[in-house]
There are 2 protein chains.
Amino acid sequence: MQEKNRKRASGCPIAFGLDIFGDRWTLLVIREIMLRGKRTYSEILEADEGIATNILIDRLKHLESEGILEKRRDPENRRSFIYNLTKKGRDLAPILIEIIIWSGAHDHRPNARHDVLEKIRKDRAGFEADLRDS
Amino acid sequence: MQEKNRKRASGCPIAFGLDIFGDRWTLLVIREIMLRGKRTYSEILEADEGIATNILIDRLKHLESEGILEKRRDPENRRSFIYNLTKKGRDLAPILIEIIIWSGAHDHRPNARHDVLEKIRKDRAGFEADLRDS
DNA sequence: AATCACGTATTGCAAAATGCAAGTTAAATA
DNA sequence: TATTTAACTTGCATTTTGCAATACGTGATT
C-alpha cells in the first residue's frame with residue numbers, strides 16, 4: 001500500500017492541508033460522500049470518474065487514519081461497510097464549495113456542470129447546512 | 001518535463017479544479033505569490049518547504065499555461081522574470097482561505113502557525129481584498 | 001457442509017511523477 | 001573578457017499511479 005507519510009513540518013496551514021488532501025483523488029472521494037450521499041466502497045467505485053480499486057481503498061484508509069472518515073459495518077447488510085464523515089470531514093465542505101465556485105467561474109468547457117453552483121449561489125448557507133447534516 | 005494532461009471530462013467542478021491544482025505543490029506556489037508576495041523563480045525557491053527546481057519550473061509553466069499566472073521580464077532586473085497572478089489566479093484566494101481555516105481548526109501540532117488565521121478571523125473581507133489588490 | 005454471490009480488498013506490473021544532485025544558458029556587472 | 005546571478009535543464013533512483021487480475025470474508029442458498 002502507498003504511504004502518504006511525506007509530511008512537511010513547516011507549521012503552514014496550507015501545507016498541512018495539502019499533506020492530507022493534496023492529490024487528484026482524495027477530495028473527489030469526499031465529494032462522493034458529501035455531495036452525492038455515497039457511503040460504501042462499491043458505491044464510490046461506481047462514481048463517474050473511474051477511480052482504481054487500489055487507489056480508492058488507499059484513500060479510504062488514509063482518510064480514516066486522518067480522522068476524516070469513520071468506518072463501521074452496515075447494520076442492514078453485514079457484509080458491507082459504511083463510511084461516514086466526522087466533524088473534521090464535514091468541515092471540508094467550505095473548501096469544496098469554494099472549488100465549485102472557482103470552477104464555475106473559470107470552466108468554459110461546453111459540458112461543464114453548473115447545477116450545484118446554482119444551488120450554492122441561491123442559498124449558500126442552506127446548502128452548506130444540508131451537507132453538514134447528512 | 002512532466003505533462004499533467006490527465007484531465008477528467010466529467011464536467012464536475014471539483015474534478016475540474018483538482019485536474020489543475022490537485023497535487024502537493026501547485027497551491028503552495030500560489031501561496032508564496034499570493035500570501036508572501038514572492039514574484040520570481042528564485043524567491044519562490046527559497047520558500048521554507050524546499051520545492052525541487054524541476055518541480056517548481058514545471059508548476060510555474062503549468063500555471064502559466066492554465067492562465068493562472070502571467071510571466072513577464074522584470075523591467076528593473078532584465079535577467080529576472082516576474083510571475084503575477086491573473087484574475088483566475090486571484091480568484092483562488094477563497095480556496096486558500098478555507099484551507100487555512102480548516103487547518104486552523106484541525107492542526108493540533110505544537111508548531112502549527114495560526115497567525116494568518118487570526119487575521120482572517122478578525123477581518124476576512126479585508127484580508128481577501130488585500131490579497132486581490134497585491 | 002458445499003457452493004454461490006456479493007462486497008471489500010490485495011497483488012503484480014508498466015507507466016508516470018517526484019525528489020535530488022549536477023550541469024547548462026542567458027543577461028548583467030566588474 | 002571573466003565572473004556572478006537568475007532561470008532553467010538533465011539524468012537517474014525512488015515513489016506513486018493506473019490497470020487488470022485475483023483473493024478474501026461474510027452471508028445466503030442448496
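- Here the P atom of nucleotide C/dA17 and the CG atom of B/Asp23 are 11 Å apart, to the nearest Å.
- Counting atom types as modelled, A/Thr53 pairs no side-chain N or O with a base atom of C/dT8 as donor and acceptor under 3.5 Å.
- For A/Asn111, the side chain to side chain donor-acceptor pair (under 3.5 Å) criterion is met by no residue, not counting sequence neighbours.
- Rounded to whole Å, atom P of C/dA22 lies 20 Å from atom CD1 of B/Ile57.
- B/Lys88 is linked by a salt bridge (charged side-chain N to carboxylate O under 4.0 Å, His left out) to nothing, counting only residues two or more places apart in sequence or in another chain.
- The distance from atom CD1 of B/Ile55 to atom C1' of D/dA13 is 14 Å, rounded to the nearest whole Å.
- OP1 or OP2 of D/dC8 sits under 4.0 Å from a side-chain N or O of B/Lys71.
- We find that CG of A/Asp58 is positioned 17 Å from P of C/dG12, with the value rounded to whole Å.
- Whole-Å rounding puts the B/Arg73 CZ to C/dA27 C1' distance at 7 Å.
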Please set out all donor-acceptor pairs under 3.5 angstrom arising from side-chain atoms of residues 70-83 of chain A, sequence neighbours excluded.
| unit_1 | atom_1 | unit_2 | atom_2 | d |
| --- | --- | --- | --- | --- |
| A/Arg73 | NH1 | A/Arg78 | O | 2.8 |
| A/Asp74 | OD1 | A/Glu76 | N | 2.8 |
| A/Asn77 | OD1 | A/Arg79 | N | 3.3 |

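- The CD1 atom of A/Ile14 lies 7.0 Å from the CG atom of A/Leu18; values are rounded to the nearest 0.5 Å.
- Listed pair B/Trp25 / C/dA17 fails the phosphate criterion, with no side-chain N or O lying under 4.0 Å from OP1 or OP2.
- Toward the 5′ end of DNA chain D lies the nearest nucleotide of B/Ile82, the other residue of the pair A/Arg24 and B/Ile82 mapping further downstream.
- For A/Arg36, the salt bridge (charged side-chain N to carboxylate O under 4.0 Å, His left out) partners are A/Glu32, A/Asp48, not counting sequence neighbours.
- Remark on the helix from C/dA1-D/dT30 to C/dA30-D/dT1: inter-end axis angle 10°, axes from five-pair C1' superpositions, rounded to 10°.
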Distance-only donor-acceptor pairs under 3.5 Å for side chains of residues 118-128 of chain A, two or more places apart:
| unit_1 | atom_1 | unit_2 | atom_2 | d |
| --- | --- | --- | --- | --- |
| A/Glu118 | OE2 | A/Arg121 | NH1 | 3.1 |
| A/Asp123 | OD1 | A/Gly126 | N | 3.0 |
| A/Arg124 | NH1 | A/Glu98 | OE2 | 2.7 |
| A/Arg124 | NH2 | A/Glu98 | OE2 | 3.4 |
| A/Glu128 | OE2 | A/Arg132 | NE | 3.4 |
| A/Glu128 | OE2 | A/Arg132 | NH2 | 3.3 |

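- Annotation: ring-ring contact (aromatic ring centres under 6.0 Å, His included) contacts involving residues 103-124 of chain B, sequence neighbours excluded, comprise B/Trp102-B/His106.
- Between the NZ atom of B/Lys61 and the C1' atom of D/dC8 there is a distance of 7 Å, given to the nearest Å.
- Going from atom CZ of B/Arg8 over to atom C1' of D/dT17 covers 12 Å, rounded to whole Å.
- The nearest whole Å value for the distance from the CZ atom in A/Arg59 to the P atom in C/dA9 is 15 Å.
- Residues from residues 74-81 of chain A lying near DNA chain D, meaning a heavy-atom separation below 4.0 Å, are A/Arg78, A/Arg79 in numerical order.
- The side-chain heavy atoms of B/Ile68 and B/Ile30, taken from C-beta on, include a pair separated by under 4.5 Å.
- Contacts of A/Glu46 classified as side chain to side chain contact (heavy atoms under 4.5 Å, CB included), with partners at least two apart in sequence or in another chain: none.
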